[in-house]
There are 2 protein chains.
Amino acid sequence: MLKSKSNAPSPTEAIYERLWDAIAERNLRPGTRLKEEQLAEIFAVSRARVRSALAALERDGLVRLVPNRGAFVAEPTIREARDIFFARATIESKLVERLCAHASTGAINRLKAHVAEERAAAERCDRAAAVRLSGGFHLLIAELAGSPYLFEVLRDLVSRTSLITAMYQPRGEKDCGPDEHEDIVSKIACGDVEAAKLAMDHHLDHIERQLNLAQSDEGPRHLREILS
Amino acid sequence: MLKSKSNAPSPTEAIYERLWDAIAERNLRPGTRLKEEQLAEIFAVSRARVRSALAALERDGLVRLVPNRGAFVAEPTIREARDIFFARATIESKLVERLCAHASTGAINRLKAHVAEERAAAERCDRAAAVRLSGGFHLLIAELAGSPYLFEVLRDLVSRTSLITAMYQPRGEKDCGPDEHEDIVSKIACGDVEAAKLAMDHHLDHIERQLNLAQSDEGPRHLREILS
DNA sequence: TAAAGCAGGATTGTTGACAATCTGATCCCG
DNA sequence: CGGGATCAGATTGTCAACAATCCTGCTTTA
């Protein structure tokens with residue numbers, strides 16, 4: 001996994017992040033071909049570094065690597081999408097349970113502060129921030145629950161969920177606001193384990209239900225234009 | 001993730017597998033330094049390929065990569081070890097539950113056949129096969145439960161467990177035989193969800209309890225000698 | 001004497017060029 | 001006119017040499 005060096009993000013990470021953003025914000029649509037040389041030129045780095053960034057993105061399920069063919073933005077199938085949500089429910093339910101078991105007031109406050117940030121971003125209509133913060137909420141739960149390993153797995157799952165959302169959620173549909181997150185936090189604050197788990201399950205189920213099977217059919221756009 | 005191409009394993013995978021085996025069979029002890037050039041010479045491949053294999057091993061938690069310093073066989077802490085077992089319990093419990101829900105007779109038969117293989121390997125005292133099959137049992141459950149994503153996560157967890165076992169299980173201690181696996185299978189065959197989940201939890205807990213905190217303190221051995 | 005400074009050697013990180021492979025269009029033949 | 005072989009162009013995969021970095025042991029100096 002990519003190390004999260006707090007101060008200095010490695011060059012590979014930087015490319016990883018920029019591509020991640022472009023995909024999650026729906027600017028790079030599923031199926032788009034990612035040519036190594038092209039990316040190397042755009043980001044002004046060597047091809048080798050692009051390669052390692054693409055390898056990392058493949059590990060997180062955002063990119064599909066075909067031998068001798070190249071890299072493409074992944075196109076998760078409906079079946080895979082449902083599997084991702086199953087995995088999320090499995091893991092997040094347990095994390096909520098564990099968090100309830102020993103939730104400090106500090107933890108509750110961090111959760112509340114995060115939801116407030118989400119609300120602010122939603123009101124600004126800052127899509128990029130909203131997507132990032134929405135995923136961040138779930139990661140925060142994993143962090144506070146105290147399982148570094150499941151935190152990493154969930155980070156992966158959240159990335160994949162972003163891609164799935166970009167692919168299957170109708171463009172008109174508004175992202176789920178911070179209301180359900182707030183609900184989950186309040187249940188955790190009460191210390192009601194079962195209610196909190198149900199709230200999380202319901203939340204994930206709600207996101208899953210918003211998906212539809214019709215794929216977007218806009219024309220392709222040029223990499224150079226999207227990645228500024 | 002490494003693609004599991006059924007017929008032709010890629011060269012990178014081949015190196016990955018050989019190092020994995022060496023670590024899981026306790027020939028390469030935690031903390032051992034893995035020099036790129038040395039490995040390249042031993043495996044008769046280029047350094048670039050060793051690099052990508054080491055990157056894959058780091059992703060699976062078997063190797064620690066230090067910038068400008070090199071690669072070392074990972075040394076999971078006690079805390080990390082316990083976290084791995086927590087993650088396994090979380091995931092495998094759910095997988096067993098799901099498998100019980102729709103366990104075909106074909107699935108049961110595959111499980112029984114696998115346990116039989118395990119028993120045969122144990123009687124041959126074939127340690128390498130025993131380690132591989134023991135992990136394979138858990139992976140088979142994930143496969144039969146029908147969650148490709150959690151299968152991949154569990155593959156990772158099993159690798160890490162091998163390393164933890166190599167590091168913290170006293171050498172005298174015999175590996176858990178196939179008895180507990182057989183117990184789990186029988187509970188699944190009965191369709192008793194709760195009993196099956198309990199059996200799995202107990203099995204994992206049993207493995208975890210066998211760990212001790214004293215590290216092995218044998219002298220280092222030479223890479224060339226171990227990797228034949 | 002001990003600690004800081006300074007090469008020397010070894011190891012990793014990076015780059016650019018070369019080889020292998022695939023795609024797509026053209027051309028030939030039935 | 002249609003189908004299959006063939007060749008050019010483009011793209012990925014691999015490699016070997018070069019640059020940057022780090023550890024080790026020695027030297028110097030207070």
Side-chain angles (χ1 to χ4, degrees), chain A residues 1-5 7-19 28 30-59 62-75 220-224 226-227, chain B residues 1-19 28 31-59 62-75 220-224 226-227:
Chain A
M1 317 224 159
L2 287 176
K3 298 182 207 55
S4 50
K5 210 185 295 180
N7 41 3
S10 81
T12 298
E13 273 180 59
I15 298 168
Y16 178 99
E17 293 289 344
R18 283 186 71 178
L19 283 171
L28 275 179
T32 304
R33 181 162 191 184
L34 302 170
K35 296 179 194 173
E36 293 182 355
E37 204 162 4
Q38 201 174 0
L39 294 173
E41 196 187 342
I42 293 172
F43 292 130
V45 298
S46 71
R47 243 184 65 207
R49 204 160 288 175
V50 171
R51 271 180 90 77
S52 71
L54 288 174
L57 283 162
E58 191 205 20
R59 171 180 59 72
L62 292 176
V63 157
R64 184 169 47 100
L65 248 47
V66 183
N68 288 319
R69 287 291 318 285
F72 303 82
V73 177
E75 302 175 275
R221 289 163 64 182
H222 286 294
L223 282 187
R224 199 174 303 273
I226 291 168
L227 298 169
Chain B
M1 316 216 164
L2 287 176
K3 296 182 207 57
S4 50
K5 210 186 292 180
S6 52
N7 40 4
S10 81
T12 298
E13 272 179 61
I15 298 168
Y16 178 100
E17 293 289 342
R18 283 187 69 180
L19 282 171
L28 277 178
T32 304
R33 180 162 192 183
L34 303 170
K35 296 180 195 175
E36 295 183 353
E37 204 163 4
Q38 202 174 0
L39 294 173
E41 195 187 343
I42 294 171
F43 293 131
V45 297
S46 73
R47 243 185 65 206
R49 204 162 289 176
V50 171
R51 270 179 91 75
S52 70
L54 288 174
L57 284 162
E58 190 205 21
R59 173 179 58 72
L62 292 176
V63 157
R64 184 168 49 99
L65 248 48
V66 183
N68 288 319
R69 288 291 319 283
F72 303 81
V73 178
E75 302 175 275
R221 290 162 64 182
H222 285 296
L223 282 186
R224 200 174 303 274
I226 290 168
L227 299 170

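Letters A, B, ... mirror the listed sequences (proteins, then strands); counts begin at 1.
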Nearest-Å distance for atom pair CD/P, residues B/E41 and C/dT12
13 Å
I want to check one thing: is the phosphate of D/dT12, taken as OP1 and OP2, less than 4.0 Å away from some side-chain N or O of A/R69?
no
Nearest-Å distance for atom pair CD/C1', residues B/E36 and C/dA10:
13 Å
Looking only at heavy atoms, which two atoms of B/L54 and B/E36 are closest? And how far apart?
CD1-CG, 4.2 Å
When you measure from the side chain of A/R49, which nucleotide among C/dT14, D/dC15, C/dT11 comes out closest?
C/dT14
Per nearest nucleotide of DNA chain C, the residue lying toward the 5' end, B/E37 or A/A48, is B/E37
B/A53 to B/I15 - nearest heavy-atom pair and separation:
CB-CG2, 3.8 Å
Any non-hydrogen side-chain atom of A/L34 less than 4.5 Å from a side-chain atom of A/L57?
no
Closest to the B/S46 side chain, choosing from D/dT11, D/dC15, C/dT11
D/dC15
Distance in angstrom units between B/N68 CG and D/dT21 P, rounded
7 Å
Nearest 0.5 angstrom please: B/K35 NZ to B/E41 CD, how far?
11.5 Å
For the pair made of CG in A/L54 and P in D/dT11, what is the distance, rounded to whole Å?
15 Å
Rounded to the nearest Å, what distance is computed from the NZ atom of residue A/K35 to the C1' atom of nucleotide D/dG13?
17 Å
Nucleotide D/dC22, atom C1' - distance to CG of B/L65 in whole Å
15 Å
Write down the distance between CG (A/L39) and P (D/dT12), rounded to a whole number of angstrom.
9 Å
Considering just the side-chain nitrogens and oxygens of A/R47, establish if one lies under 4.0 Å of OP1 or OP2 belonging to D/dT12.
no
If you compare every side-chain N and O of A/R51 against the phosphate oxygens of D/dG13 (OP1, OP2), does one of them come in below 4.0 Å?
yes
